[in-house]
A.B. asks: 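Could you have a look at this structure, given as structure tokens, before my questions?
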Number of protein chains: 2
Amino acid sequence: MKDNNDMPGHLARRFQQIAVAVFLAEVEDAGFDLTPVQYAALATIKANPGLDQVTLAGLIAYDRTTITGVIDRLVQKGLAERRPSNRDRRARELEITDEGRRTLRKITPVVESAQRIILRGLSAKESEELMRLLRKAIAAGNELSRAPLRDAQA
Amino acid sequence: MKDNNDMPGHLARRFQQIAVAVFLAEVEDAGFDLTPVQYAALATIKANPGLDQVTLAGLIAYDRTTITGVIDRLVQKGLAERRPSNRDRRARELEITDEGRRTLRKITPVVESAQRIILRGLSAKESEELMRLLRKAIAAGNELSRAPLRDAQA
DNA sequence: GGATATTGATCAGTATGCTGACGATCAGTA
DNA sequence: TACTGATCGTCAGCATACTGATCAATATCC
């Protein structure tokens with residue numbers, strides 16, 4: 001009988017579980033209330049002002065139906081704004097607020113420290129190798145999930 | 001600005017996302033309706049007949065509040081049974097049914113094939129190395145999540 | 001033995017993630 | 001221009017995951 005520890009699927013779930021727990025603990029310790037998903041969305045909105053939700057979803061590989069709720073919460077916390085687009089009346093343009101910018105600036109070092117904690121069992125060299133292998137496996141499987149990573153369009 | 005691809009947390013989420021999608025697609029193709037979580041729970045119940053829910057949760061690193069719903073669905077599908085324990089009247093003893101055994105037998109090769117698909121971008125050597133590094137990182141972070149892995153007690 | 005602490009299971013509440021559907025809108029074409 | 005198909009955002013519904021609480025039952029300690 002195959003052990004759980006021989007199943008990449010199980011290891012993936014467990015690694016992700018720990019990563020989320022560490023992220024939330026560090027962020028809360030620093031006095032913030034932001035999930036990993038919300039952080040990634042906010043950082044991506046800041047880097048791509050005025051983008052629409054489908055583009056945002058593609059940039060961070062979220063499902064477009066999940067984005068709706070995430071943005072709801074960012075807006076509700078006053079970190080982002082959602083307004084109808086003039087170019088395409090179906091679309092919503094997303095913008096980070098000043099408050100969002102402040103939060104992002106203060107929280108980024110915390111997030112980076114969390115990333116180090118997630119890998120605390122590995123040497124620097126092992127960490128690099130793990131990330132390289134994950135990137136490679138992810139690239140090969142990108143199209144297999146409903147929410148693949150997509151480049152921004154012009 | 002740090003790229004998403006430099007964040008182990010983001011890579012963890014993405015890898016897990018693909019792993020779940022592959023698992024569900026393969027299992028559905030084979031004509032079954034079972035999630036990764038339900039599969040792991042069912043296989044563990046079979047390997048440890050009569051175990052209680054907390055022990056099961058520890059063996060596969062689930063939160064105990066999540067287990068309740070997972071077992072509900074296994075029972076509802078007729079794959080497992082839940083009955084009050086005689087030794088400890090707070091506890092529920094879990095048992096796999098004949099139907100559960102049949103399902104598990106037929107589905108196991110499908111699950112193993114899914115594991116190969118998840119790693120299809122990597123060579124055999126790289127796959128081994130990825131799993132080794134994940135195991136190491138997970139071991140170091142085990143206590144950081146609310147649902148750490150636990151050995152079965154005597 | 002009896003007070004206290006702990007434990008097993010569940011629940012309510014919240015946040016991802018997904019499937020499949022829908023209305024509104026846009027783009028391309030006959 | 002009218003039609004057709006695709007796209008954007010949202011929704012309902014389901015399944016993980018977690019926090020924190022509660023109830024019942026067991027363990028522990030004095």
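Labels below follow one simple rule: chain letters A, B, ... track the order of the sequence lines, proteins then strands, and each chain is numbered from 1.
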A.B. asks: If a pair means Watson-Crick or G-U wobble with both distances below 3.5 Å, what does DNA chain C look like in dot-bracket form, with | marking bases paired to a different strand?
C.D. replies: ||||||||||||||||||||||||||||||

A.B. asks: Which part of the nucleic acid, if any, lies within reach of A147(A) when heavy atoms closer than 4.0 Å are counted: base, sugar-phosphate only, or nothing?
C.D. replies: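 Result for A147(A) = sugar-phosphate.
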
A.B. asks: Taking 4.0 angstrom as the limit, do R82(A) and D72(A) come out as a salt bridge?
C.D. replies: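 Counted as a salt bridge, because a side-chain N and a carboxylate O are separated by less than 4.0 Å.
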
A.B. asks: Should we count NZ of K136(B) as having more than 12 external heavy atoms under 6.0 Å?
C.D. replies: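 Check passes, neighbour count above 12.
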
A.B. asks: Show the nearest heavy-atom pair for residues E81(A) and T97(A), with the distance to one decimal.
C.D. replies: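 What the structure gives for the nearest pair is CG-CG2, 3.8 Å.
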
A.B. asks: Is any side-chain heavy atom of N142(A) less than 4.5 Å from a side-chain heavy atom of R14(B)?
C.D. replies: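 N142(A) reaches R14(B) side chain to side chain.
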
A.B. asks: Measure from CG on D88(A) to P on dG28(C) and round the result to the nearest Å.
C.D. replies: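 After rounding, the reported distance stands at 12 Å.
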
A.B. asks: Looking at R90(A) and D52(A), is there a salt bridge between them, counting it only when a charged N and a carboxylate O are closer than 4.0 Å?
C.D. replies: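 Result for this pair is no, no salt bridge flagged.
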
A.B. asks: Where is the tightest heavy-atom contact between K46(B) and L104(B), given as atom of each residue plus distance?
C.D. replies: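 Closest approach of K46(B) to L104(B): CD-CD2, 3.6 Å.
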
A.B. asks: Could you check which residues of residues 58-85 of chain B get a heavy atom under 4.0 Å from DNA chain D? Sort them by number, please.
C.D. replies: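 Residues of residues 58-85 of chain B that come under 4.0 Å of DNA chain D are, in numerical order, D63(B), R64(B), T65(B), T66(B), V70(B), R73(B).
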
A.B. asks: Atom CZ of R92(A) to atom P of dC26(C): distance rounded to whole Å?
C.D. replies: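 Rounded to the whole Å, the gap is 11 Å.
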
A.B. asks: Looking at E143(B) and R120(A), is there a salt bridge between them, counting it only when a charged N and a carboxylate O are closer than 4.0 Å?
C.D. replies: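 E143(B) and R120(A): not salt-bridged.
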
A.B. asks: Round to a whole Å and report the spacing from CZ of R87(B) to C1' of dA24(D).
C.D. replies: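 It is 18 Å, rounded to the nearest whole Å.
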
A.B. asks: Going by number, which of residues 99-111 of chain A have a non-hydrogen atom under 4.0 Å from DNA chain C?
C.D. replies: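 When residues 99-111 of chain A is checked for heavy atoms under 4.0 Å from DNA chain C, there are no hits whatsoever.
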
A.B. asks: Give, ordered by number, those residues of residues 22-41 of chain A having at least one heavy-atom distance below 4.0 Å to an atom of DNA chain C; if nothing qualifies, reply none.
C.D. replies: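 Those residues whose heavy atoms fall under 4.0 Å from DNA chain C, taken from residues 22-41 of chain A in numerical order, are T35(A), V37(A), Q38(A).
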
A.B. asks: Would you say CZ of R87(A) has more than 12 non-hydrogen atoms from neighbouring residues, nucleotides or ligands within 6.0 angstrom?
C.D. replies: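 Not more than 12 within 6.0 Å, no.
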
A.B. asks: Which pairs count as salt bridge (Lys or Arg N to Asp or Glu O under 4.0 Å) when at least one residue sits in residues 55-66 of chain B, sequence neighbours excluded?
C.D. replies: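 Pairs touching residues 55-66 of chain B that pass the test: D63(B)-R146(B).
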
A.B. asks: Find the distance R13(A):CZ to dG17(C):P and express it as a whole number of Å.
C.D. replies: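 Going from R13(A) (CZ) to dG17(C) (P), I get 14 Å.
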
A.B. asks: Shortest non-hydrogen contact from I118(A) to A137(B)?
C.D. replies: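 Smallest interatomic distance, heavy atoms only, reads O-CB, 4.3 Å.
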
A.B. asks: In whole angstrom, give the distance that lies between atom CZ of R89(A) and atom C1' of dT10(D).
C.D. replies: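 Rounded to the whole Å, the gap is 17 Å.
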
A.B. asks: When the distance from CZ of R150(B) to P of dG8(C) is rounded to whole Å, what number comes out?
C.D. replies: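 Atom CZ in R150(B) sits about 12 Å away from atom P in dG8(C).
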
A.B. asks: Between Q17(A) and dC18(D), is there a contact of a side-chain N or O with OP1 or OP2 at under 4.0 Å?
C.D. replies: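 True: Q17(A) side-chain N/O within range (under 4.0 Å) of dC18(D) OP1/OP2.
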
A.B. asks: Counting just side-chain N and O atoms, does Q53(A) come under 4.0 Å of either OP1 or OP2 of dT7(D)?
C.D. replies: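 For dT7(D), OP1/OP2 do not have a side-chain N/O of Q53(A) under 4.0 Å.
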
A.B. asks: Decide yes or no, distance alone: a donor-acceptor N/O pair under 3.5 angstrom between the base of dT26(D) and the side-chain of R90(B).
C.D. replies: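 Result: no qualifying N/O pair found.
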
A.B. asks: Look at R146(B) and dT19(D) and indicate whether a side-chain polar atom (N or O) is within less than 4.0 Å of OP1 or OP2.
C.D. replies: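 Indeed, a polar side-chain atom of R146(B) lies that close.
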
A.B. asks: Starting at CD of Q16(A) and ending at P of dC18(C), how long is that distance when rounded to a whole Å?
C.D. replies: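 Interatomic distance, CD of Q16(A) to P of dC18(C): 11 Å.
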
A.B. asks: Mind checking what makes side-chain hydrogen bond (donor to acceptor under 3.5 Å, both in side chains) contact with E26(B), not counting sequence neighbours?
C.D. replies: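 E26(B): no side-chain hydrogen bond (donor to acceptor under 3.5 Å, both in side chains) contacts found.
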
A.B. asks: How many Å lie between CG on L56(B) and C1' on dG8(C), as a whole number?
C.D. replies: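 After rounding, the gap between these two atoms is 13 Å.
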
A.B. asks: Answer yes or no: is there a side-chain heavy-atom contact under 4.5 Å between V37(B) and T66(B)?
C.D. replies: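 When only atoms from C-beta onward are counted, T66(B) and V37(B) do not touch, as no gap falls below 4.5 Å.
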
A.B. asks: With no hydrogens and no angle check, do the side chains of S85(A) and D88(A) hold a donor and an acceptor under 3.5 Å apart?
C.D. replies: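 Short answer, no.
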
A.B. asks: Taking 4.0 angstrom as the limit, do E99(A) and R102(A) come out as a salt bridge?
C.D. replies: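 A salt bridge is present here (some side-chain N lies under 4.0 Å from a carboxylate O).
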
